[in-house]
Asks: 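Here it is: the structure, laid out below.
Just so you know, residue 1 is the first one in the sequence shown, and it goes up from there. All ligand and atom numbering here is 1-based and tracks the order in the structure.
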Amino acid sequence: MTPDELAPRIKSGERRALARAITLIESGREDHRAQAQELLGLLTDAPGQALRIGLSGTPGVGKSTLIESFGRMLTDEGHKVAVLAVDPSSARSGGSILGDKTRMERLSRDPNAFIRPSPSQSALGGVARRTREAVALCEAAGFGIVLIETVGVGQSETMVAEMTDLFVLLMAPAGGDELQGVKRGIMEMADLILVNKADGDLKPAAERTRADYAGALHLLRRRPQDPEGFPKAVAVSAVEERGLREAWEDMQALADWRREHGHFDARRAAQARYWFAEEVRRGLLARLDRDPAMRARMADLGAKVAGGELTVAHASTEMLTALGVSACPIGRAAHEALPDPPAPPRGRGRR
Ligand SMILES: Nc1nc2c(ncn2[C@@H]2O[C@H](COP(=O)(O)OP(=O)(O)O)[C@@H](O)[C@H]2O)c(=O)[nH]1
Ligand SMILES: [Mg+2]
């Protein structure tokens, strides 16, 4: 199917067309890439802005179970829900984060839900673009809520936080000292911490853990994008479907407040700028890695630097000139001449 044929089908919410389009954006073939770009261009006028929610947590914490319960609650309320995954491990394991579809059996059969597992083979660098483009496709197909699931391993969490409107961290009930193990940077990204498994024997521990996280969140520096009371920690049970409605109300309250106060659009704008700069950087780096002439030149200049024939400054200037990047004047450190990297769109300082 051509982009011209796919676009109207996506806009009318046809799930098969959406699935095909996502396959197209996942493809590494150059002609597919061109088609994908054309398609995305045809969809920019599609109505509706989805609420993009990132969901992260370590394996076993209950992400799949929660998505099943939470997703069904949302579709019952009449929402259309898309679920995407960012799984940095899938390239190695060949598996997929949403592979355990048994835990999402009902949601995956729900006509108002669309679940897309991670592709099994994808370079980490391509994951961000794939996911952002898939989000755009889901929005164009009329999905009002897009959930992006990721496993809690540093990089991928940052990536997901930088392409979503709300970032939710799912935690397990723990003993008091385990809380120390949560990286500060991850805590700082969270808009909402859900302590899952607040049921049965685990209920008291979940409640204690919730209070611990609430205390820890309170100690963090206040962010301009938060109203009073946020970020928040809430105890939920994905299995017993408890606390989910409250969590959803919190998410909506936070999103509404941010919309009213300009933070919502400002964040999206900062994210767009960030990903644009990232892609340019990535493209430049890819050229260094893939272009045979550039690789040969790098190897040659590298050998000359190693042999003492050329200074680092001269060799790098020559290389950058070859790349079409205006090189910095000799004698000045490269980092002085370069602009700072764009600040991450999240509000709480540098990570
Ligand atoms: N008691 C309890 N167990 C849960 C809950 N949510 C998930 N689990 C269990 O935790 C295990 C891991 O769940 P899963 O959704 O696969 O976690 P994921 O790896 O984060 O996707 C499974 O055995 C679930 O049944 C919950 O709310 N309460
Ligand atoms: Mg899972």
Asks: May I ask you to check whether over 12 heavy atoms, not counting those of Asp31, lie within 6.0 Å of atom CG?
Replies: yes
Asks: In this structure, which one of Leu84, Ile53, Val86 forms a side-chain contact (heavy atoms from CB on, under 4.5 Å) with Val160?
Replies: Val86
Asks: Between Thr58 and ligand 1, which part of the residue brings a heavy atom under 4.0 Å of the ligand: side chain, backbone, both or neither?
Replies: backbone
Asks: Under 3.5 Å, N or O to N or O, is Glu240 touching ligand 1 that way?
Replies: no
Asks: What atoms of ligand 1 come closer than 4.0 angstrom to any heavy atom of Pro59?
Replies: 19 (O)
Asks: Does Ile67 come within less than 4.0 angstrom of ligand 1, counting non-hydrogen atoms of the residue?
Replies: no
Asks: Strictly under 4.0 Å, does any heavy atom of Gly57 approach an atom of ligand 1?
Replies: no
Asks: For ligand 1, is there an atom lying under 4.0 Å from some heavy atom of Ser237?
Replies: yes
Asks: Side-chain contact, heavy-atom cut-off 4.5 Å: Phe70 with Met251?
Replies: yes
Asks: Are Thr23 and Arg116 linked by a side-chain donor-acceptor pair shorter than 3.5 Å?
Replies: yes
Asks: Side chains of Val81 and Ile115: does their closest heavy-atom pair fall under 4.5 Å?
Replies: no
Asks: Any idea which of Gly62, Ser64, Ala172, Gly243 brings a heavy atom closest to atom 17 (O) of ligand 1?
Replies: Gly62
Asks: Regarding Arg259 and the six-membered ring of Phe264, is the cationic atom NZ or CZ under 6.0 Å from the ring centre and inside 45° of its axis?
Replies: yes
Asks: Would you kindly say whether Trp248 and Gln252 are connected by a side-chain donor-acceptor distance under 3.5 Å?
Replies: yes
Asks: Going by heavy-atom distance to atom 1 (N) of ligand 1, choose the closest among Val151, Val239, Leu66, Asp199.
Replies: Asp199
Asks: Measuring to the Mg ion (ligand 2), does Thr65 have an N/O/S atom at a distance below 2.8 Å?
Replies: no
